[in-house]
Colleague: 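Dropping the structure in here first, questions after.
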Amino acid sequence: CVRKDFRGRQDIRYIKKTMHTRLTKDEFAEMVEEIRRNNCIRMATPFDEASVEWIDRLDIELIKIASCSAADHPLLQQIVQSYRPVVASTAGLDGPNLDHLVSLLEHHNRSFAIMHCVAIYPTPNDQLRLSQIDFLRTRYRGVPIGFSTHESPDALTPIVAAVAKGATATITSISEKGRTGASGRI
């Protein structure tokens with residue numbers, strides 16, 4: 001979902017994309033059930049509080065916090081009240097916002113991982129900035145650090161390199177047609 005006050009905005013490219021590709025609740029529930037039937041872990045990225053409630057109703061195991069939502073305090077409060085494990089993307093975050101997000105999740109005793117991510121779709125190998133994994137592991141000792149990528153699902157080199165750097169989880173964002181950027185798998 002997109003917040004009502006943002007729905008008509010044409011200046012934010014993700015609003016148009018989200019509105020164009022959104023599923024009905026029945027379609028979304030059907031997709032979640034198909035994922036469940038295939039014994040896969042379900043994860044969703046909410047962009048408003050109502051979506052967190054929907055995640056809870058559908059019993060989706062993981063909540064992903066998009067970096068663009070890391071300062072959305074009402075959304076974050078709803079997420080920490082859901083008691084679901086969280087993966088948080090760092091793509092567009094600066095240090096203070098990431099520190100605040102980690103502090104909030106720790107304060108609420110949420111199980112979470114931080115996912116290093118570069119907001120370039122797809123990300124060229126020379127711009128992966130995998131040294132950020134080392135930085136995050138040092139800054140947030142004891143917090144699982146992972147890697148979220150936007151390459152083709154066949155591009156294994158970035159994932160292997162991230163794991164070699166110490167990433168303990170990976171997410172490859174893919175779409176229903178195999179293009180990058182629309183949905184995730186962990």
Side-chain angles (χ1 to χ4, degrees), residues 1-93 96-117 119 121 140 143-146 148 150 169-177 180-186:
C1 267
V2 174
R3 289 184 183 281
K4 289 179 185 175
D5 53 329
F6 278 78
R7 289 191 183 151
R9 303 261 315 252
Q10 296 296 313
D11 60 319
I12 304 173
R13 68 180 176 145
Y14 297 111
I15 301 295
K16 182 178 178 184
K17 175 185 163 189
T18 300
M19 296 303 290
H20 178 71
T21 59
R22 81 177 187 194
L23 302 173
T24 67
K25 286 187 176 185
D26 287 341
E27 290 168 332
F28 191 79
E30 181 181 337
M31 179 183 67
V32 169
E33 186 53 36
E34 184 63 26
I35 294 167
R36 186 183 326 262
R37 277 194 296 271
N38 283 281
N39 297 313
C40 294
I41 296 170
R42 292 156 312 277
M43 177 176 64
T45 306
F47 292 97
D48 64 7
E49 295 88 328
S51 295
V52 178
E53 293 172 8
W54 187 239
I55 287 168
D56 286 339
R57 267 185 261 143
L58 292 175
D59 198 26
I60 295 173
E61 290 100 329
L62 292 170
I63 294 178
K64 183 173 185 244
I65 299 174
S67 61
C68 64
S69 298
D72 184 338
H73 300 291
L75 175 61
L76 295 177
Q77 287 302 317
Q78 187 79 26
I79 288 171
V80 296
Q81 291 172 16
S82 77
Y83 299 101
R84 299 199 180 277
V86 169
V87 292
S89 175
T90 64
L93 289 181
N97 280 321
L98 184 54
D99 288 345
H100 178 266
L101 180 60
V102 169
S103 176
L104 176 76
L105 294 168
E106 288 178 337
H107 176 76
H108 288 277
N109 296 315
R110 297 282 51 87
S111 174
F112 71 98
I114 299 170
M115 308 302 286
H116 165 59
C117 178
Y121 310 97
Y140 304 110
V143 173
I145 305 299
S148 180
H150 303 98
T170 65
I171 296 173
T172 301
S173 295
I174 58 171
S175 75
E176 72 284 357
K177 295 180 182 175
T180 61
S183 60
R185 73 173 186 215
I186 185 164

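Count residues from 1 along the sequence.
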Colleague: So do Q78 and D48 actually touch side chain to side chain, heavy atoms under 4.5 Å?
Modeller: no

Colleague: May I ask you to test the F28-M31 pair for a side-chain heavy-atom distance under 4.5 Å?
Modeller: yes

Colleague: Test side-chain contact (heavy atoms from CB on, under 4.5 Å) on V52 and S82; report intermediate values, then the result.
Modeller: CA-CA 7 Å; V52 178; S82 77; 4.0 Å; yes

Colleague: State the NE2-CG distance between H73 and L104, to the nearest 0.5 angstrom.
Modeller: 9.0 Å

Colleague: Do P144 and F112 come within less than 4.5 Å of each other through their side chains, counting heavy atoms only?
Modeller: no

Colleague: For the residue pair E61 and M43, establish whether any side-chain heavy-atom pair is separated by less than 4.5 Å.
Modeller: no

Colleague: Check whether any side-chain heavy atom of N38 sits under 4.5 Å from a side-chain heavy atom of E34, and report yes or no.
Modeller: yes

Colleague: The criterion is salt bridge (charged side-chain N to carboxylate O under 4.0 Å, His left out); which residues satisfy it with E53, sequence neighbours excluded?
Modeller: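 In terms of salt bridge (charged side-chain N to carboxylate O under 4.0 Å, His left out), with neighbours along the sequence ignored, E53 is linked to no residue.
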
Colleague: From I35 CD1 over to I41 CD1, what is the distance, rounded to the nearest 0.5 angstrom?
Modeller: 11.5 Å

Colleague: A side-chain contact here means heavy atoms from C-beta on lying under 4.5 Å apart; do I65 and T45 qualify?
Modeller: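 Side chain of I65 against side chain of T45, heavy atoms only: no contact under 4.5 Å found.
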
Colleague: I'd like to check V86 versus L62 (side-chain heavy atoms, cut-off strictly below 4.5 Å). Are they in contact?
Modeller: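 A side-chain contact is absent here, since even the closest heavy-atom pair is not under 4.5 Å.
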
Colleague: Between atom CD1 of I79 and atom CZ of R110, what is the distance when rounded to the nearest 0.5 Å?
Modeller: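 One finds 11.0 Å between CD1 of I79 and CZ of R110.
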
Colleague: Would the distance check show the side chain of T90 and the main-chain N or O of C117 forming a donor-acceptor pair, the cut-off being under 3.5 Å?
Modeller: yes

Colleague: To the nearest 0.5 Å, what is the distance between OG (S51) and CG (D56)?
Modeller: 11.0 Å

Colleague: Verify whether one side chain among D72 and S69 offers a donor that lies under 3.5 Å from an acceptor in the other.
Modeller: no

Colleague: Counting C-beta onward and ignoring hydrogens, is there a side-chain heavy-atom pair between K64 and I171 closer than 4.5 Å?
Modeller: yes

Colleague: Would one find more than 12 heavy atoms of other residues, nucleotides or ligands at under 6.0 Å from atom CD of Q77?
Modeller: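 Counting other residues, nucleotides and ligands, CD of Q77 exceeds 12 neighbours.
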
Colleague: Enter the distance from R42:CZ to D59:CG here, rounded to the nearest 0.5 Å.
Modeller: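 Interatomic distance, R42 CZ to D59 CG, rounded to 0.5 Å: 6.5 Å.
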
Colleague: Write out all pairs satisfying side chain to side chain donor-acceptor pair (under 3.5 Å) with one or both partners inside residues 96-109, taking only residues at least two apart or from two chains.
Modeller: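 Counting only pairs at least two positions apart or across chains, the side chain to side chain donor-acceptor pair (under 3.5 Å) contacts touching residues 96-109 are D94-N97, D99-R139, D99-Y140.
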
Colleague: Apply side-chain contact (heavy atoms from CB on, under 4.5 Å) to N39 and list each qualifying residue two or more places apart in sequence or on a separate chain.
Modeller: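 Partners of N39 by the side-chain contact (heavy atoms from CB on, under 4.5 Å) criterion come out as none, since no residue qualifies.
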
